[in-house]
Structures are given as C-alpha cells and as structure tokens.
Amino acid sequence: MRRARIYHQGRVIWANASEDGSVLHLPSGETVRSDEVHWLPPIEPGATVFALGLNYADHSAELGFKPPETPLVFLKGGNAFVGHGGYTPRPADANQMHPECELVAVIGRPARRVPKASALEYVSGYTIANDYAIREYLENYYRPNLRVKNRDATTPLGPWIVDAAVVEDPQALKLSTRVNGAEIQSGSTVDMVFDIATLVEYLSEFMTLLPGDMILTGTPHGVHFVSHGDEVVCEIEKIGRLINRIEMAP
Amino acid sequence: MVRAISTSWGTVYGAALNDAELLRSLSDEFKKPPYKAPPLAPVLFIKPRNCLSFGGAAVPLPADLTSVRVAATVAVFFSRDLTKAKPKDVKSAIGAACLALDVSELGSNFFRPAVRQQCRDGFLPLSSFVDLPNELAEVITSIDGREAHRWSLSRLARSVEVLCSEISSFMTLKSGDLLLLGLPGDAPVATVGQSIEVSSAHFASLRTSIVAESTL
C-alpha cells in the first residue's frame, strides 16, 4: 500500500497510489489519474514531527562536527510541509539553501518505553522528506532555529507512505538527491548514527509517541546550494521519488 | 467568558528569550561561545501534542526526576493564518487566549535545549480559553497555596503584536496554532507532591500538581 493524501474535487482524501504513482485508487472505489489531483503532504495537522541533526557520520564530518553521542532531536511545525510536486520558496538572500533527503518513519500505534528489539513494530510506514536548510539564518539559540528549519513549505514530504511490511529492512535503503538531473547526495540508511529502532526507543523513553507522528531520520553528506528554478528529486529505494521545485520567494 | 475551541489543534510554539530582564542579565554571556552574538530573530521552541494537558491533570515525573521549573505565561490561539503581518493586524488573527505552564527540567541551556528535558508527557498544562484581554495583568504562580512568583508581561521584550509580526515574517502562524508569549527567566521550581495554581486577571485559573509517575 502507498497511502497518499490528496486534494480531489474540493476535499482532502487518503488514497492508494499505484506502484508508479500514475493512478490513485480512492476509498469510494473510483480511480483517478494522479495528474488530475494535487498531492498533499501525507500528514495530519497536529502530528508531532521529530527531525534529527547530524545523524549520518559523513554529513557531520562535512559540516565540521563530531557525530553526536545522544540523538540531536528538534521539532517541526505544520507550516513547513508541502506535498509532492510542490514549490518551495527561496528568499532572494538565501544563497546557502540546500536540500536534505531523509527517510521518514511513521508511528503506527502509541509507543511508550519501547525497547529497541520491538521498536520497529511501532512503525507502520515510511515516506521521504526533503528538509531544506538555509544556513544564512543560523543563530546559536535553540539550534537549529526555526528561522532556518521551519519556514513555510520548506519541507517537501511524500509522495506517499509505504507500508512498513513492504520496506522490510529500513536500514538498508539507498537514498539520493538530484538537482536538475545531477546527483548531489548519495548514501545508504545503513550509515545512520542512530538507527530507527534506537530513535523510537530513545524518544519513547521520555514521551508517548502517537499514531501519525513522524521521525525525519537525518541526511547523508552532500551540501549543494540551490537556485530559483531548480528541480530537486529525492529518491529512496522501495519508497519512491519526491519531486520539488525552487521558486523565488514573493 | 470561556470560548470553546472547535478548530483542530495545529502546532504549539513558544517564544524563548522574550523576557527583557532575562536578556539584560545574560547580555554578557550571550557575547561569548557558544552564543557569540545576541539573538536577532525571535527564538522559538515547539511543545508537541503529548505535552498538552487540561482540566487540572497532574504533571507526572519519572522516578529519577523530583523537581522541575514551572514557567507561567499567557498563550494566544490563532483563528486566522498570519503571514508577513504588520503589528497592527496581529490581534485580528488571535481568537482566544489562555494561561499556560511551561514545565521543563532544570539545568537546560539556550544553545541546544534537549527535547527530552522540555517535552515529557503533560509538560504543558493549559487553562480554559477566554478572549484575549486588552491589557495583560500580572501572572501569579502559587505553589501549595503560597505565592511563589509573579511577573508582568510588560517585561516582554517583544509585545504580542511585535512578536507575532516578526515571526510571521519568516513563517506562517496558522489557524489552530498556539503561541506562548514568553517565559520568565526567574520561574520557580516545583517538586513532587506540590500543587500549583496560575492566575491572572481576566483569565480562568490553571491548576495542576506535580506527581510521581509511578503513583498514577
């Protein structure tokens, strides 16, 4: 199952996408072509969204940091998300804006004090995030500050949520980012500093994770600054391809 | 008048470092590493949905935690989206307000506060909602019936209008979002077994208590 949240004929619907994403099966039994609908980020308002800083050792080295000893977790608000095929505004002065392809784990049932060994039983699916950062706006308070990581529509999410059973091992997936066709990020989820099971164990030790909550698991190396008009494609094996375009911020 | 909130919840944001007295007291420290320069844009944090509690529910602490900082403040609820708004247009987007008690572990920092220290279950008790008063009165925190803290929101470095306007210059405050206006730098500490009441003129009082999680 590839569960997509779409806007169709005046309302929001969760639909099932065909493997190539060209067709959507609606709950009513109808089938529509995906170019007849708008893709929305596959998340419900109010869900808790965690993101991980420096969770790939090679990306830490590239930014001049040591890999962290405990997960560097930050949170994101609902304004940040935009669906597959959407646009992300780039402010005129954002010369250091870069995409970050990330595997996203979606929580499927309440999780509290879950041991690592059973943690993946609480993950119901996976999707893709492109968690753009704009380095010019970094300040050394509550890092990474929301002006860098929580701007409107700067976190493309989707296209859909793939069932966990289809993915099997989430720590053996190739991920990549291409900008206008040229590969600028390439890695594997095997290189995460803290794998998904460890993150679920860590977070659920101090708080309850609820269905629909999401964990953006960090990004591998490859910092490439984007420009207006760029097409950015984040791809993760067994999940899909998330397409996004950079537009001039109004 | 208590207003029902029918809109579904969005994100709960809080303004950190919006207490002018705290900023003054830290002005030298903020020139040194790891900060290096005073904050320019509003500094925000997020309290996820597991933190929210209502109706006098207790704040549970795990066995290894016996005391927490309890920072009382006013929160505003947005009934319209606010994007690139001028200060004068902010209040028309605010549909309600409440008292909030931001609970956190002691010994946090301003550089990279750990979610683990700020976002445990129940770490954001809220009062019921009322109209945003024209003037914000002092917010008083009593612990076990005795006044432990009071502060005037005239201490806010950015007023509600300026704060929301500046936030909306880089992100939309959406209908359904809640924003804590600022936390007092001298907030008191409460320990397991204590009861807390937060009050302020024109607001419904907020009552909670700190309990050991094992007793729930």
Side-chain angles (χ1 to χ4, degrees), chain A residues 44-54 65 68 70-81 89 91 94 107 110-113 134 136-155 199 202-214 249-250, chain B residues 7-17 26 30 32-52 62 65 81-84 105 108-123 166-177 213:
Chain A
E44 293 289 352
T48 299
V49 181
F50 305 91
L52 269 289
L54 307 178
F65 294 101
T70 52
L72 290 183
V73 180
F74 58 99
L75 297 162
K76 300 184 68 76
N79 64 302
F81 303 106
I107 298 297
R112 181 81 168 104
R113 296 211 169 92
I134 302 180
E136 279 98 336
Y137 302 149
L138 262 176
E139 291 191 66
N140 290 326
Y141 299 90
Y142 284 72
R143 277 180 66 127
N145 45 321
L146 269 58
R147 191 162 171 244
V148 174
K149 284 305 242 183
N150 204 53
R151 308 175 69 85
D152 292 355
T154 55
T155 309
L199 294 170
Y202 171 79
L203 294 166
S204 73
E205 183 271 325
F206 64 87
M207 61 186 282
T208 305
L209 305 179
L210 291 169
D213 289 353
M214 293 192 173
Chain B
T7 319
S8 66
W9 286 94
T11 306
V12 178
Y13 297 100
L17 300 176
L26 292 171
F30 282 174
K32 297 175 199 158
Y35 307 110
K36 298 180 188 164
L40 292 175
V43 180
L44 299 177
F45 57 91
I46 290 174
K47 294 291 257 202
R49 59 183 171 181
N50 66 299
C51 294
L52 296 177
L65 192 61
D81 287 9
L82 208 54
T83 307
K84 297 188 192 305
E105 291 184 29
S108 192
N109 65 75
F110 301 109
F111 179 70
R112 201 194 286 276
V115 168
R116 190 175 189 276
Q117 292 183 300
Q118 322 269 328
C119 300
R120 290 178 179 276
D121 291 352
F123 265 29
E166 291 191 20
I167 293 169
S168 81
S169 72
F170 63 85
M171 56 174 267
T172 295
L173 290 161
K174 292 180 83 72
S175 171
D177 288 350
E213 190 182 344

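In the text below, chain A, chain B and the rest are named by the order of the sequence lines, each starting its count at 1. Note that these values count all heavy atoms, side chains included, but never hydrogens, waters or copies made by symmetry.
- One side chain, A:Thr208 or B:Asp121, offers a donor N or O that lies under 3.5 Å from an acceptor on the other.
- Residue A:Ala249: no heavy atom, backbone or side chain, is found under 4.5 Å from chain B.
- Aromatic ring centres of A:Tyr141 and B:Tyr35: separated by under 6.0 Å.
- Using a 4.5 Å cut-off between heavy atoms, A:Asn145 does not touch chain B at all.
- In the model, A:Asn79 has no side-chain atom that pairs as donor or acceptor with a side-chain atom of B:Thr172 under 3.5 Å.
- When all heavy atoms of A:Asn140 and B:Pro34 are compared, the pair lying nearest together is ND2-O, 3.1 Å.
- Looking at A:Pro250, the atoms closer than 4.5 Å to chain B (heavy atoms on both sides) all sit in the backbone: N, CA, C or O.
- In terms of the ring-ring contact (aromatic ring centres under 6.0 Å, His included) criterion, A:Tyr142 has no residue partners (sequence neighbours excluded).
- Most heavy-atom pairs under 4.5 Å with chain A: of the set B:Gly122, B:Pro33, B:Ala37, this distinction falls to B:Ala37.
- Within the 4.5 angstrom heavy-atom criterion, atoms from both the backbone and the side chain of B:Val115 approach chain A.
- Nearest heavy-atom pair across B:Arg49 and A:Pro211 is NH2-O, 3.0 Å.
- Smallest separation of non-hydrogen atoms from A:Leu75 and B:Cys119: CD1-SG, 4.0 Å.
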Taking it one step at a time, do B:Arg116 and A:Glu205 satisfy side chain to side chain contact (heavy atoms under 4.5 Å, CB included)?
-> CA-CA 9 Å; B:Arg116 190 175 189 276; A:Glu205 183 271 325; 2.9 Å; yes

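- Each of B:Thr11, B:Ile46, B:Asn109 has some count of heavy-atom pairs under 4.5 Å with chain A, and the biggest count is that of B:Ile46.
- Between A:Glu139 and B:Ala41, the closest heavy-atom pair is OE2-N, 3.0 Å.
- Neither the backbone nor the side chain of A:Leu209 comes within contact range of chain B; no heavy atoms are under 4.5 Å apart.
- Comparing B:Met171, B:Lys84, B:Lys36 by heavy-atom pairs within less than 4.5 Å of chain A, the highest count is held by B:Met171.
- Salt bridge status for B:Glu213 with A:Arg112: present, with a side-chain N to carboxylate O gap under 4.0 Å.
- Using a 4.5 Å cut-off between heavy atoms, B:Leu173 makes no contact with chain A at all.
- Residue contact with chain A, scored on non-hydrogen atoms closer than 4.5 Å, involves the backbone and the side chain of B:Pro39 alike.
- For A:Glu44, the side-chain contact (heavy atoms from CB on, under 4.5 Å) criterion is met by A:Arg5, A:Trp14, not counting sequence neighbours.
- When heavy atoms are compared at a cutoff of 4.5 Å, B:Tyr13 approaches chain A solely by way of its side chain, counted from C-beta outward.
- No part of A:Tyr137 comes within reach of chain B, as not one of its non-hydrogen atoms sits under 4.5 angstrom from that chain.
- When each of A:Leu146, A:Asn150, A:Leu72, A:Leu210 is checked for heavy-atom pairs under 4.5 Å with chain B, A:Leu146 comes out on top.
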